[in-house]
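In what follows, a single structure is set out as C-alpha cells and then discussed.
If you're wondering where the values come from, they're calculated on a predicted model, not measured in any experiment. A, B, ... follow the sequence lines: proteins, then strands. Residue 1 opens every chain.
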Amino acid sequence: MIEVENLTKQFGTKRAVDNLTFTVQKGEVLGFLGPNGAGKSTTMRMITGFIPPTSGDAKVCGISITDNPGEAKTKIGYLPESAPLYNDMTVIGFLKFCAAIRGLKDTAKNDAVERAIDTCFLDTVAKQSIDTLSKGYRHRTCLAQALLHDPEVLILDEPTDGLDPNQKFEVRQLIKRLGKTKAILFSTHILEEVEAACTRAVIVDRGKIVADGTPAELLAQSGTGSLTDLFRKVTTRDTEAAA
Amino acid sequence: MSSCTIYKRELSSYFSQPTAYAIIVIFLLFSLGLTFTFGEFMRVGDSSLEWTFLFWHPWVYMLLAPAVGMKLWADEQRTGTIELLGTFPVSTWSAIVGKFLAAATVWLIALALTFPIIITVNYLGNPDNGAIFAGYLGSFLVCATFLAITMLVSACTRDQVVCLIVSVAICVLVVLCGYDPVTRELSKIVSPGVLEGIVSFGVWDHFRSLNSGLFRLKDFIWFGSIILVCLLGTSAILSSKRA
C-alpha cells in the first residue's frame with residue numbers, strides 16, 4: 001500500500017532523509033519512531049506529496065507520488081503535525097469544505113461528514129467555531145478531515161501529541177480499529193504507543209532506519225525488554241550530535 | 001471544480017469575519033467622501049464621474065486592496081493550513097485562482113454598492129452610461145492588479161503586517177508612476193525615454209483611457225499581463241518554498 005523507495009531529502013547541506021526504504025501493507029500499523037529532527041515529518045510530507053523528494057519515490061496503492069501526485073493524493077488521508085485548521089470556520093463547515101475538495105457531493109458529502117464526526121466524537125462541537133476549540137478537539141477535527149474520503153492509506157504525524165490520557169487512549173483505539181482495513185503510518189515520541197497500537201515499528205535516526213521489527217522483536221533486540229533502552233541505544237542524542 | 005470550492009470557502013471567510021464589511025464601508029466612505037469634497041461633485045456639474053468619482057479609486061485601492069489580499073497566503077503559511085491544501089488533490093494553480101477570484105469578488109461587491117452615485121448622475125444629468133461602465137471596468141482592473149500584487153507578496157511571507165506594508169508600498173509606487181505632477185518633476189531629472197518607461201509602468205496611462213470611455217487593447221494587455229505574471233509568480237514562489 002505504501003512503498004517508500006530510496007527516498008532522500010536534502011535541505012542545503014543537511015540530509016534530512018537519507019535513502020529510506022520501507023513498505024506498509026494493508027492491515028498494518030507502522031509506528032514511525034525517532035528523536036526530534038530525525039526526518040519523520042519530512043518523510044511523511046514527501047509521501048503525502050507536500051514536498052518533492054530530492055531523489056527516490058514513494059508509491060501509494062501503486063501510484064507514484066512524484067509522477068502522478070493528483071491521483072496518489074486521493075488515496076491518502078493525512079494529519080499534519082500541528083493539526084492545522086481554518087480558524088474562521090465551524091467544525092462542520094470545515095469538514096464539508098474538505099469533503100467537497102475531495103470531490104464528494106450532496107448526500108455522499110453529508111454522509112462522509114456525519115461518519116467522520118461520529119468516528120472522532122465531535123458531535124458536541126460540530127457547530128462550534130474552530131478557534132474556540134480545545135487542543136484535543138482541534139486534533140480530532142483534523143483527524144476527522146483525514147478520514148472523510150475513507151482513504152486506503154492514513155499518514156498521521158504525532159496523532160496523540162498534546163492530548164490528555166483519555167484522548168490518547170481513544171485515538172490509539174481508533175488507529176488500531178482503522179488499521180485492520182487500511183495501511184497506517186504514524187509517527188510518535190511515545191514508546192508505549194508502539195506496543196499499544198502498532199503491528200510493526202521502525203526507528204529512524206538522522207534520516208536512516210536504525211531498527212525495524214514487530215514490537216516483540218524490538219523488545220527482544222533491546223536486551224533489557226525496554227523500548228526506551230533500545231531507543232537510547234540506536235539513536236543519537238542532541239548533545240552527541242552537536243559535539 | 002476545486003477552484004470553485006476554494007473560492008466559496010475564501011469568500012465566506014471574508015464575510016464570516018468583519019474584514020469584508022469594514023473594508024467595504026471604508027471604501028464607500030472614502031470614495032464617496034472624496035467625490036463630494038475634493039472632487040467637488042456639486043460644483044463641477046460633470047455627470048461623467050470621470051474626475052469627480054472614479055479618479056479617486058486608485059488612491060483608495062492602493063491602501064485598501066492589500067488589506068483584502070494580505071491574508072490569502074500569509075495566513076495559510078502562518079497557521080500551517082498550506083500543508084492541508086498541499087496534500088489535497090488540488091493543484092496550487094487552482095487554489096491561487098480560487099483565492100484571487102474570491103478577493104476580487106469582495107471588491108466587485110464594494111464597487112456595486114456605489115450604485116447610488118450612478119442613479120444620482122442619471123437623475124441630475126444625462127451621462128454616457130457606456131463611458132461610466134468603462135470607467136468602472138477600469139477601476140475594477142486597477143483593483144484586481146493591486147490584489148494580484150498583494151497575492152504575490154503574501155506568498156513570500158507568513159506575516160500579514162509585512163505583507164500589507166510591502167504591498168501598499170508597491171501599489172503606491174504604481175499609482176505615483178505616471179501621475180502628472182510626479183511625471184512633471186521627473187521630466188526635469190530623467191531622459192524622455194526613461195520617463196516613458198516609468199509612465200507606462202504606472203497605472204494612470206491605462207486607467208485614464210478606460211476612464212474616459214476608451215477601450216484600448218494595450219490597456220487590457222497591461223492589466224492582464226501584470227495579473228497573470230503575479231499569479232504565476234505566486235505559484236512559483238509557493239512551489240519553491242516547498243522544495
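Looking at A:K9, the atoms closer than 4.5 Å to chain B (heavy atoms on both sides) all sit in the side chain, from C-beta outward. For a residue to count as touching a neighbouring chain, one of its non-hydrogen atoms must lie under 4.5 Å from one of that chain's; by this rule A:E71 does not touch chain B.
Open room surrounds CZ on B:F133; 12 or fewer heavy atoms of other groups in view lie less than 6.0 Å from it. Atom CZ of B:F30 has 12 or fewer heavy atoms from other residues, nucleotides or ligands within 6.0 Å. No more than 12 heavy-atom neighbours from other residues, nucleotides or ligands sit within 6.0 angstrom of CZ on B:F38.
To the nearest 0.5 Å, atom CD of residue A:E81 and atom CD of residue B:E83 are 8.0 Å apart.
No other option in B:L84, B:I6, B:D75 has as many heavy-atom pairs under 4.5 Å with chain A as B:L84. When the candidates B:S2, B:S13, B:C4 are compared by the number of heavy-atom contacts under 4.5 Å with chain A, B:S13 comes out ahead. Note: A:P80 leads A:C142, A:A100, A:P80, A:G70 in heavy-atom pairs under 4.5 Å with chain B.
With hydrogens and angles ignored, the 3.5 Å screen pairs no side-chain donor or acceptor of B:K8 with any backbone N or O of A:F97.
Counting heavy atoms from C-beta outward, A:F50 and B:L85 have side chains that stay 4.5 Å or more apart. Counting heavy atoms from C-beta outward, A:I76 and B:T87 have side chains that stay 4.5 Å or more apart.
For the residue pair B:S16/A:D88, the side-chain donor-acceptor check at 3.5 Å is not satisfied. Side-chain contact, B:E76 with A:Y86: a donor N or O sits under 3.5 Å from an acceptor N or O.
A cation-pi arrangement is absent between A:R102 and B:F88, since the terminal nitrogen or guanidinium carbon is not both under 6.0 Å from the aromatic centre and inside a 45° cone about the axis.
In plain terms, the two heavy atoms of B:T79 and A:P84 that are nearest each other are O-CB, 3.3 Å. When all heavy atoms of A:I101 and B:T5 are compared, the pair lying nearest together is N-CG2, 3.9 Å. The heavy-atom pair separating A:P52 from B:R242 by the smallest distance is CD-O, 3.7 Å.
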